[in-house]
Amino acid sequence: MERMEATTVRVGVLGCGNVGAALVALVHEQRQTVADRTGMVLEVAAVAVRDTSVHRDVPCPPDTFTADAAAVVNDPGIDVVVEAMGGLEPARQLILEALASGKPVVTANKELLAAHGEELYLAAAAAGVDLLFEAAVAGAIPIMRPLRESLAGEPLTRVMGIVNGTTNFILSRMSDHGATYADALSKAQELGYAESDPTADVEGFDAGAKAAVIASLAFGARVVPADVYHEGISGVTVDDIEAARAMGHCIKLLAVAERGTSVDGAVEIGVRVHPTLVPFNHPLAAVNDNFNAVFVEGEAVGELMFYGRGAGGRPTASAVFGDLIDAAGNLRRGHGAPIGALSDVRVSPIGDIESAYYLSIEVDDRPGVLSDVAAVFGGHDVSIRSMEQIGLGAEAQLRFITHLARESDLQETLRGLRELDAVRSTGSVLRVIGD
Ligand code: NAP
């Protein structure tokens, strides 16, 4: 059989850090395999970095490097652009320029997509080329492509993810080693899993940006990070983890995007990030250390789970590489796979969200207290699924898991409980997912 002439696809890579450098290496290592399978020879023709004087241990000649990222994007000899520099600007402007000149773009930049996703999706659609971003959410795990393609017609009901490896590592460490939050965070920093300023991870901003991207793709809705309610894990204590364990749960930081219906019957979506009690028999409970997973529920498909490494140069570059091959192939075939416009769907305020809750209160252990406490729950339409009492004598702790309740009703319940004479203090309040 006659062998097809291979087409050379010239790739411009913006950024040569953890992800960019690993991508350049992968493209080099897999060059022959990709050529054999796709008929395309991928060639990294230019790499933009901030500082060209730094030696980079990557398989490309020194004259591939430039500090002029705009020149890479505007070079007519470059066919496809990979953005692996991070941040909002100049990444946004460079991607827009690349798309406008008909070059497909692959990016791993969740922060940018969360903030300016729609502008970029529309620019790609207008140019008829791809904007692919598999690596932007949950690193190596294929979840963007399934949401965009395999599940494009699926009536999805909920997508829940452990999408931040740093916080999953910290919570696993607290759970498995009894470490305090501070000790677990130091360990994560020592291992390079957490930044010296860990705020973006531990306070849920990073997971919030990913939740916005997930919600946009899953529900075709315009969702930006400001729409996403987020709580981090810095307030989670070893006592919370022990209490959750005693009630058959572990604690995970979940990003949740779900479809709901407003009181007037319109579709709305809830998007939020918070520490959550997950029953031990739920598949997400088995996702430990710095691994990620995304659990998808749909009316037709049922339940799916995607699991793997959410970060790290090479795993992330693997997802970028898959997108690069796809984008190059689509360019050769002369079409892109646009996401197109997102619709205006109401994002529910957190007070309207329904969830089950875990909460604990310290009370005086005396006759009549339980019925007073139960009356406060009942008075605000919050029904108790399970309760246990810890400690006897003058003081006791009561731990509750509720049935589904509205957040605003739960907050009113807490206010009511704090007003009871017998209640000395209220403890952590955490949401609970069902099994
Ligand atoms: P990184 O290690 O900090 O690398 C960034 C690279 O971009 C560096 O080579 C830097 O040049 C270059 N750069 C930055 N601004 C530039 C500019 N204005 N012009 C030219 N070059 C510029 O970052 P990373 O960890 O690889 O992350 C890259 C992207 O992937 C980010 O959007 C990140 O959110 C995303 N991501 C990363 C991971 C991960 O595990 N690391 C996982 C998922 C997604 P110098 O080297 O000269 O400074």
Side-chain angles (χ1 to χ4, degrees), residues 7-31 34 38 40-113 115-117 119-121 123-124 126-136 313-314 316-332 336:
T7 316
T8 298
V9 177
R10 289 164 56 86
V11 183
V13 182
L14 312 180
C16 194
N18 296 309
V19 177
L23 174 75
V24 173
L26 261 181
V27 170
H28 181 76
E29 288 162 26
Q30 296 298 109
R31 186 182 167 99
V34 172
T38 67
M40 296 182 298
V41 174
L42 299 182
E43 182 196 321
V44 175
V47 179
V49 290
R50 257 183 308 227
D51 184 352
T52 49
S53 69
V54 173
H55 171 73
R56 321 238 168 205
D57 194 14
V58 288
C60 39
D63 65 358
T64 316
F65 291 95
T66 172
D68 190 350
V72 174
V73 162
N74 293 308
D75 178 348
I78 296 290
D79 301 307
V80 183
V81 171
V82 174
E83 186 276 305
M85 57 174 34
L88 297 184
E89 294 292 355
R92 172 184 153 275
Q93 192 55 41
L94 291 165
I95 292 176
L96 288 173
E97 280 175 30
L99 294 170
S101 63
K103 296 181 173 82
V105 174
V106 176
T107 177
N109 194 334
K110 73 235 150 194
E111 193 192 353
L112 177 63
L113 289 165
H116 298 289
E119 178 187 22
L120 299 173
Y121 307 151
V129 293
D130 280 329
L131 170 67
L132 301 178
F133 45 88
E134 186 57 75
R314 207 165 152 86
T316 307
S318 163
V320 173
F321 191 31
D323 278 351
L324 173 59
I325 294 168
D326 219 10
N330 285 341
L331 180 70
R332 196 165 61 145

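Residues: numbered from 1 along the sequence shown. The analysis underlying the following values was restricted to heavy atoms, covering all of them including side chains, and did not include hydrogens, waters or symmetry mates.
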[X] and [Y]: which non-hydrogen atoms are nearest, and at how many Å?
{"X": "Ala123", "Y": "Leu99", "answer": "CB-CD1, 3.9 Å"}
{"X": "Ala115", "Y": "Leu88", "answer": "CB-CD2, 4.2 Å"}
{"X": "Ala48", "Y": "Val72", "answer": "CB-CG2, 4.2 Å"}
{"X": "Val47", "Y": "Cys60", "answer": "CG2-SG, 4.3 Å"}
{"X": "Ile78", "Y": "Ala45", "answer": "CD1-CB, 3.8 Å"}
{"X": "Val9", "Y": "Ala328", "answer": "CG1-CB, 3.9 Å"}

Sequence neighbours left out, what passes salt bridge (Lys or Arg N to Asp or Glu O under 4.0 Å) with Asp323? Give chain and number order.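 Applying salt bridge (Lys or Arg N to Asp or Glu O under 4.0 Å) to Asp323 gives Arg145.
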Verdict with supporting geometry, Leu42 and Phe321, side chain to side chain contact (heavy atoms under 4.5 Å, CB included): CA-CA 10 Å; Leu42 299 182; Phe321 191 31; 3.8 Å; yes
Set of residues satisfying ring pair (Phe, Tyr, Trp, His ring centres under 6.0 Å) with respect to Tyr121, sequence neighbours excluded: Phe133
Counting only pairs under 3.5 Å, give me each side-chain donor-acceptor contact of residues 15-29, with atom names and distances, residues two or more places apart or in other chains.
| from | atom 1 | to | atom 2 | distance (Å) |
| --- | --- | --- | --- | --- |
| Glu29 | OE1 | Arg314 | NH1 | 3.4 |
| Glu29 | OE1 | Arg314 | NH2 | 3.0 |
| Glu29 | OE2 | Arg314 | NH1 | 3.3 |

Residues forming a side chain to side chain contact (heavy atoms under 4.5 Å, CB included) with Ala91, sequence neighbours excluded: Glu83, Met85, Asn109, Leu112
For Ala319, side chain to side chain contact (heavy atoms under 4.5 Å, CB included) partners two or more places apart: Glu134, Ala135
What distance do [X] atom [atom1] and [Y] atom [atom2] have between them, rounded to the nearest 0.5 Å?
{"X": "Arg332", "Y": "Thr38", "atom1": "CZ", "atom2": "OG1", "value": "6.0 Å"}
{"X": "Arg31", "Y": "Met40", "atom1": "CZ", "atom2": "CE", "value": "12.5 Å"}
{"X": "Leu331", "Y": "Asp130", "atom1": "CG", "atom2": "CG", "value": "8.5 Å"}

Contact check, side chains of Val81 and Ile95, non-hydrogen atoms, under 4.5 Å: no
Hey, could you give me each pair passing salt bridge (Lys or Arg N to Asp or Glu O under 4.0 Å) that has a residue in residues 98-107? Not counting sequence neighbours.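 Counting only pairs at least two positions apart or across chains, no salt bridge (Lys or Arg N to Asp or Glu O under 4.0 Å) contact touches residues 98-107.
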So salt bridge (Lys or Arg N to Asp or Glu O under 4.0 Å) across residues 8-28, not counting sequence neighbours, yields Arg10-Glu43
Under the side chain to side chain contact (heavy atoms under 4.5 Å, CB included) test against Val13, which residue among Leu324, Val44, Val320 passes?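 Among Leu324, Val44, Val320, the one meeting side chain to side chain contact (heavy atoms under 4.5 Å, CB included) with Val13 is Val44.
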Distance-only, no hydrogens or angles: does the Ser101 side chain make a donor-acceptor pair with backbone N or O of Ala98 under 3.5 Å?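 Here the side-chain-to-backbone pair exists.
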Which pairs count as side chain to side chain donor-acceptor pair (under 3.5 Å) when at least one residue sits in residues 62-80, sequence neighbours excluded? Asn74-Glu97
Name all residues meeting the side chain to side chain donor-acceptor pair (under 3.5 Å) criterion together with Glu119; count only those two or more places apart in sequence or in a different chain, and write none if there are none. Arg92
